[in-house]
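Let me begin by presenting the structure, written as structure tokens, before commenting on it.
The structure presented is a predicted model; accordingly, all values stated were derived computationally and were not measured.
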Amino acid sequence: GEIDDSPVLMCRVRMRSLGGTGSTTVTLTDATVNSVRGSDQTLNLWVGEESITTVGISGGTATGPGGLTLTFPAGAVISNTPVSVEKLALSSLPIEFPPMAEFTPTTMAWKLGPDMEFRRPVNFKVDYTDADLSTASESLLMLFWLDPSVNKWVRQNGSVDAASNVFTATITHFSYFVLAADTMDTPHIRITRLNARPNPFSPNNDNKNDLTTISFHISRDAKEATLKVFDVNGRLIRLLFEKLALFKGENQFEWDGKNGYGDTMATGIYIYYLGVRDNDNRLDEASKTVVISRHMKD
């Protein structure tokens with residue numbers, strides 16, 4: 001076929017809104033670049049809000065539009081990091097939020113950046129109004145994030161204080177986030193999203209990746225939960241907790257790479273096991289591997 005040699009990008013224009021947020025239409029007229037005039041272009045834009053805060057190795061707080069506050073503990077990042085918080089319309093998300101009956105999104109959606117994982121969990125707090133909820137049920141609010149590796153929305157629990165209109169959760173990375181009501185329930189306790197981050201990690205006391213955070217989601221309250229670490233030969237290395245009661249949703253625990261005697265383990269592959277039992281005495285189990293590398297530089 002014929003090759004169209006017309007330019008794809010004639011110019012780039014950056015605009016700033018002095019009003020509120022919402023959908024707007026902008027028309028570029030008489031756009032000229034290097035004496036070449038382009039045809040008028042009509043653009044449909046979402047005028048949003050954004051704020052940027054620098055957070056350092058000692059921690060800090062980043063606030064943004066939509067009532068969002070991110071609290072970073074010391075060591076969550078290893079250098080000064082400009083944190084971007086941008087409030088989005090649902091129509092501006094890179095993929096559609098699941099249009100299923102069991103999920104009811106609010107008007108609260110954000111893009112958080114830059115793309116990165118944290119060394120420590122970060123507190124995610126939203127002060128919302130009743131108008132922000134739209135038709136979503138306040139008591140069923142949960143946080144959802146976009147997993148780019150599978151291009152799907154992943155459910156993550158949180159805590160709702162209905163009296164104060166506050167939602168809190170913990171996050172271990174940046175992505176797109178949506179606050180929505182999740183009416184889906186399951187009669188059986190279930191473990192999902194079991195992960196260790198960073199993986200590998202390096203417990204060599206250089207303040208870089210010295211700990212790994214084991215995170216997981218459980219679908220119901222657990223009356224008893226057990227988290228253990230084994231070597232590849234099946235020998236118990238560390239009992240992190242046993243018969244611990246946990247609330248449903250997202251949970252996170254740290255392992256410092258040491259055994260039960262306080263000795264740091266050697267470079268190698270280790271297996272972490274999670275078992276949870278609900279009030280009806282139903283059990284779910286899951287396990288994954290994590291790698292210790294004593295000589296990591298980053």
Without swapping roles, check the side chain of W110 against the backbone of L179 for a donor-acceptor pair under 3.5 Å.
no
Pairs meeting criterion salt bridge (charged side-chain N to carboxylate O under 4.0 Å, His left out) with involvement of residues 105-118, two or more places apart:
E117-R197
Is a side-chain donor or acceptor of D130 paired with a backbone partner of N165 at a separation under 3.5 angstrom?
no
Scan the side chains in residues 224-239 for donor-acceptor partners under 3.5 Å anywhere in the protein, sequence neighbours excluded, and list what turns up.
from : atom 1 : to   : atom 2 : distance (Å)
D231 : OD1    : N233 : N      : 2.9
D231 : OD1    : G234 : N      : 3.0
D231 : OD1    : R235 : N      : 2.9
D231 : OD2    : R235 : NE     : 2.7
D231 : OD2    : R235 : NH2    : 3.0
R238 : NH1    : D256 : OD1    : 3.0
R238 : NH1    : K258 : O      : 3.0

Does the separation of the ring centres of F144 and Y176 fall below 6.0 angstrom?
no
Apply the side chain to side chain donor-acceptor pair (under 3.5 Å) test between R119 and each candidate in T212, N209, T213, N207; give the one that qualifies.
N209
Transitive ILVMFWY cluster of V166 at side-chain heavy atoms under 4.5 Å: who else is in it?
none
Got a second to check how far I218's CD1 is from L274's CG, nearest 0.5 Å?
8.0 Å
If I compare all heavy atoms of P200 with all of S293, which pair ends up nearest, and what's the gap?
CB-CB, 4.4 Å
Between S215 and E250, what is the shortest heavy-atom contact and its length?
CB-OE2, 4.2 Å
First locate atom OG of S164, then atom CG of D127, and finally report the distance between them rounded to the nearest 0.5 Å.
9.0 Å
According to the side-chain hydrogen bond (donor to acceptor under 3.5 Å, both in side chains) rule, which pairs have a member within residues 65-85, sequence neighbours left out?
E50-S84
Looking at D206 and K208, is there a salt bridge between them, counting it only when a charged N and a carboxylate O are closer than 4.0 Å?
no
Identified side chain to side chain contact (heavy atoms under 4.5 Å, CB included) partner of V122 from the options T172, T170, V77, L70
L70
Please check if the side chain of S159 supplies one atom and the backbone of T168 the other of a donor-acceptor pair under 3.5 Å.
no
Set of residues satisfying ring pair (Phe, Tyr, Trp, His ring centres under 6.0 Å) with respect to Y128, sequence neighbours excluded
none
Donor-acceptor pair, distance only, cut-off 3.5 Å: does the side chain of T104 make one with the backbone of S137?
no
Main-chain N/O of T264 paired to N259 side chain as donor or acceptor, under 3.5 Å
no
Please determine whether residues L146 and F97 belong to a single hydrophobic cluster, defined as Ile, Leu, Val, Met, Phe, Trp and Tyr linked transitively by side-chain heavy-atom distances below 4.5 Å.
yes
Is there a donor-acceptor pair under 3.5 Å between the side chain of N251 and the backbone N or O of G249?
yes
Going by the angle between their ring planes, with limits at 30° and 60°, are F241 and F253 parallel, tilted or perpendicular?
tilted
With sequence neighbours left out, the residues meeting side-chain contact (heavy atoms from CB on, under 4.5 Å) with V154 are W145, D147, R193
